[in-house]
Amino acid sequence: MPSPAGGPVAVAAASAAAAAALGISPEMYPTEDDLAYEEEILREPFKLKGWWRYLVARAAAPFAKRAVIYERALKALPGSYKLWHAYLRERLDHARPHPISHHAYASLNNTFERALATMHKMPRVWVLYLTSLLDQRLLTRARRAFDRALRALPVTQHDRIWPLYLRLASLPACPVETSLRVFRRYLQYDPSHAEDFIDFLISANRWQEAADRLASVLNDDGFRSVKGKTQHQLWLELCEILTKHADEVAGLKVDAILRGGIRKFTDEVGKLWTSLADYYVRRTLYEKARDVFEEGVASVMTVQEFSVVFEAYTQFEQSMLAAKLEAAEEEGAGSEGEEEAGRKNGMDKLSKKFLADCWLNDEDDTDLRLARFERLLDRRPELLSSVLLRQNPHNVEEWHRRVKLFEKDPTRQVATYVEAVKTVDPMKAAGKPHTLWVAFAKMYEKHNRLDSAEEIFKKATQVNYKAVDHLASIWCEWAEMELRHSNFDKAIELMRQATAEPSVEVKRRAAAEGDEPVQLKVHKSLKLWSFYVDLEESLGTLESTRAVYERILDLRIATPQIVLNYAYLLEENKYFEDAFKVYERGVKIFKYPHVKDIWVTYLTKFVRRYQRSKLERARELFDEAVKQAPPQEKKVLYLQYAKLEEDYGLAKRAMNVYDEAVRAVPNSEKMSMYEIYIARAAELFGVPRTRQIYEQAIESGLPDRDVMTMCMKFAELERNLGEIDRARAIYVHASNYADPNSHPEFWNKWNEFEIQHGNEDTFREMLRIKRTVAASRSQTHFILPEYLMQRDQRLNLDEAVDTLKRAGVPEDEMANLERQLAPGPSTAPPAPSTATAPANRMMNFVSAGVQAQAESSSRQQQAAATNNEDIELPDESDEEEDDVQIAEKSVPAAVFGELGKRAAENREEESSGAQENEQLGALERIKRRRQ
């Protein structure tokens, strides 16, 4: 619809004409699309909504046109934060592509100043303005703007301004004094950021103020690092400043500060010591630095810290020596002129005459510095040992290593030993503290100072050691020293003194004090008594030696070896009965396994001494020994017992001993014992006597493999005796224990036996038994519980009955078949053996004690016996039983399918069988095929 003649269109057209007349670009004036917004702001110029819709609608317009709209809006609404913020953001985006010298930045800054006239309480406006000034690098104007912002905004909003202010202070172009003042003002606002100020001071090389600030921070117990630094890290920073810039830092007690850090922080003491020494080096106080290094290596507690300090110390001495050498080379050129000037001075001549040879007058101290450096390197092992001993002053081994460092200096060795025995607490010692006393005494002995060595041993015996063995070792070493110097009587007297029992009064006094020293226990030391006995045997008499042995037995500290030694001593001197009494006491004192050697030696010596003269007493001893011995130790005693009976007793009693032995020894030794038993029986009574032993061995419960081995030996024996049937029966019995897959050697042996002594029937019987055993070993249901096997048989029977019923077989015939197939309540897996035996004997086993008639009848019964579970061989044909009539019931072929054809083929080949098997032939074949 066209607008009226006097409407906005006419007004817009008039405005455009006027703009053209004034030279203003037509793009800056409203267009026809802007008429709606212009009318709205004309009607309501003081509402933000209309102006904002206008700006949103013209978002794609040029910045100059939008700036005109912003200016018109802000003229109407000068207090609108939304308009000012949007306007300033657009101004910033418009000026950012231009260089900072562009006039757009001047216009931008002017706009910010106009905005702050009303927006001075708005922190975002200040942040935009200050960021822009920092980008323009207008430092003075920015600093003044920061000050105005901090004055205009409340303190709670200063945290938005200070980061920008610190950024200004950190700029390289900012004067250092200005930055310092800014940081100091900031610390008044937030003292917790003192580390930032310290970092700035360090970067600005203001070492004095940085050290002062660090010291104040460390003295403030309530200071918490915002950067996560520990007190130790701050200490190290302060030490680094103080040592590396010693000439620039004044007013601080550097020595006291560093030593305080050493006492407070013990994890990096080495670095603090080197820092303190470095401080004195930079102050050219070299002797003081050397004293600090010496103090450091003498006080550090760990090897790592020692390495740090010692390495710095060696570098210091090396640098001092190198500096002196360089200085000497530089001064060499001008030395001739100085000597000529010295000759003219009479006083100099006189001084040189008297002080020429004095090393203090020598300005060239190169040799002295070189000697210091070499001495330092030579002292390293000693200093390192001191460090280890400071860690644990009770480390005995380290004291010994320290003594070895002074092998060429006996005086230092003596001093070290004295310090060691005074320092080491026997109750806290790591190692054996008595070795220090022994080594100390041996050192004096080495230098032929026997009186001093004895005095040291005497003092060593008065020390309260932790273990009795330590004090006993002292006494023994003392006595050995006397022996080395041929003082035999004194050595024995020392042993008597050491083994003397304390008096009752001394024991009562120690019990009252509550702490019993080792001196009251040493009289029971086995080591001491053993040494004493050796001395008496070598140097004393028989009576004195016997008295010592008796005392050891009375104290009940003897060992089996001491008992044996005592008895051997008496035997050497022909006191045999007394020796046997000692053995008797020994077997009463000790138990197995310690008494084993005593029993064996006692019995051996007794039998060798008396032979058959005291046979009953020897038998009683053997019976007692066997009674006390555990099963695993009885074999040796039984063999010794049997040897006694064979040599001096009765062979029958020897067989009884062997018979008792095979029952008493553990299962692992029964096989070897039976072999010995059989060998001795064959030698004493002949080979037939061994049959009973073989029978006993087979029935004694040996492991299956041993039973099989025993049966093979038994069968070989019977074969050698010509008892072929007995040997075959033994092989049949042994087949119960021989799996063809795992024991082929047995079946090979039986196979060779049948080839040599059997016929076709016996060979076929052996093959049948082999197949039966292999089948029984391969069927897993034999290891199942009985109720599971019965359940499987019942399932097979039900399945067969259902099959016959579906085939149309009458029910009476099926019932008959079911009764014949049904297992009994005690049905068990069939045994692989083919012969039956009495209930009290094992199957197929023939006793050697049976009469000849019964033996021949049993052979006939065995030959005539049949096996109900005979495995049918498809290639067999029994032509001897043609008179047997075979009656079979036909079953429909549909019942069996392919199985029926196979069954028909098998029926044509069969020539024998029992009547009950005739009725079940087909079903039995089904059952066996499925198995």
Side-chain angles (χ1 to χ4, degrees), residues 674 688 690-779 782 828-852 854-873 876 878:
Y674 268 115
T690 60
R691 283 174 171 168
Q692 296 179 1
I693 304 175
Y694 275 117
E695 294 174 11
Q696 178 184 346
I698 294 171
E699 295 177 350
S700 63
L702 290 172
D704 291 352
R705 189 173 187 86
D706 293 342
V707 171
M708 182 187 67
T709 304
M710 192 63 68
C711 288
M712 293 172 65
K713 292 182 179 180
F714 192 11
E716 185 66 20
L717 171 67
E718 295 292 353
R719 188 183 68 83
N720 294 333
L721 295 176
E723 298 290 344
I724 304 303
D725 291 338
R726 290 177 59 83
R728 182 176 292 108
I730 294 170
Y731 275 119
V732 171
H733 173 72
S735 63
N736 291 282
Y737 308 98
D739 186 359
N741 296 324
S742 57
H743 303 98
E745 67 278 2
F746 170 80
W747 297 98
N748 294 335
K749 190 76 173 178
W750 193 1
N751 187 42
E752 294 175 0
F753 172 81
E754 293 295 345
I755 291 173
Q756 294 178 5
H757 305 286
N759 52 34
E760 183 179 357
D761 294 335
T762 59
F763 191 81
R764 291 167 69 86
E765 181 66 15
M766 184 268 294
L767 294 178
R768 187 196 65 78
I769 294 174
K770 182 176 181 181
R771 288 195 299 272
T772 305
V773 173
S776 65
R777 296 280 178 169
S778 63
Q779 291 176 359
F782 282 147
S833 177
T834 62
T836 60
N840 59 349
R841 302 290 296 171
M842 293 187 66
M843 187 176 297
N844 292 332
F845 186 77
V846 181
S847 174
V850 182
Q851 296 180 358
E855 185 174 326
S856 61
S857 63
S858 64
R859 293 172 187 168
Q860 295 174 1
Q861 292 175 1
Q862 178 180 354
T866 58
N867 189 356
N868 293 333
E869 291 191 8
D870 190 8
I871 298 177
E872 297 175 358
L873 299 176
E876 291 182 359
D878 299 332

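This is a predicted model, so every value here is computed, not measured.
T709 and D706 share no side-chain donor-acceptor pair at under 3.5 Å. Side-chain contact, R728 with H757: no donor N or O sits under 3.5 Å from an acceptor N or O.
Atom CD1 of I769 and atom OG of S776 lie 11.5 Å apart (nearest 0.5 Å). Taking OG1 of T690 as the start and CG of L721 as the end, the distance is 7.5 Å to the nearest 0.5 Å. Atom CZ of R719 sits about 6.5 Å away from atom NZ of K749, to the nearest 0.5 Å. Note that NZ of K770 is 7.0 Å distant from CG of N751, once rounded to the nearest 0.5 Å. Considering CE of M708 and OH of Y737, their distance stands at 12.0 Å, rounded to 0.5 Å.
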Problem - Worked verdict on R771 versus L767 for side chain to side chain contact (heavy atoms under 4.5 Å, CB included) - result: CA-CA 6 Å; R771 288 195 299 272; L767 294 178; 3.8 Å; yes
Exercise for the section: Would you please test K713 and E716 for salt bridge (Lys or Arg N to Asp or Glu O under 4.0 Å) and show each step? Expected result: CA-CA 5 Å; K713 292 182 179 180; E716 185 66 20; over 6 Å; no
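Between H743 and R705 the shortest side-chain heavy-atom distance falls below 4.5 Å. Using a 4.5 Å heavy-atom cutoff, the side chains of Q696 and Y674 are in contact. A 4.5 Å side-chain heavy-atom check between H733 and I698 finds at least one atom pair inside the cut-off.
Applying side chain to side chain contact (heavy atoms under 4.5 Å, CB included) to E718 and the options I730, I724, D725 leaves one that passes, I730.
Between W750 and Y731, the ring planes lie parallel to each other; the angle is under 30°, not in the 30° to 60° tilted range.
What you find for W747 and D739 is that their closest heavy atoms are NE1-C, 3.9 Å. Closest non-hydrogen pair, A774 versus P740, comes out as CB-CG, 4.1 Å. Among all heavy-atom pairs drawn from V732 and N736, the shortest one is O-ND2, 3.7 Å.
Atom CD of Q756 is surrounded by more than 12 heavy atoms from other residues, nucleotides or ligands within 6.0 Å.
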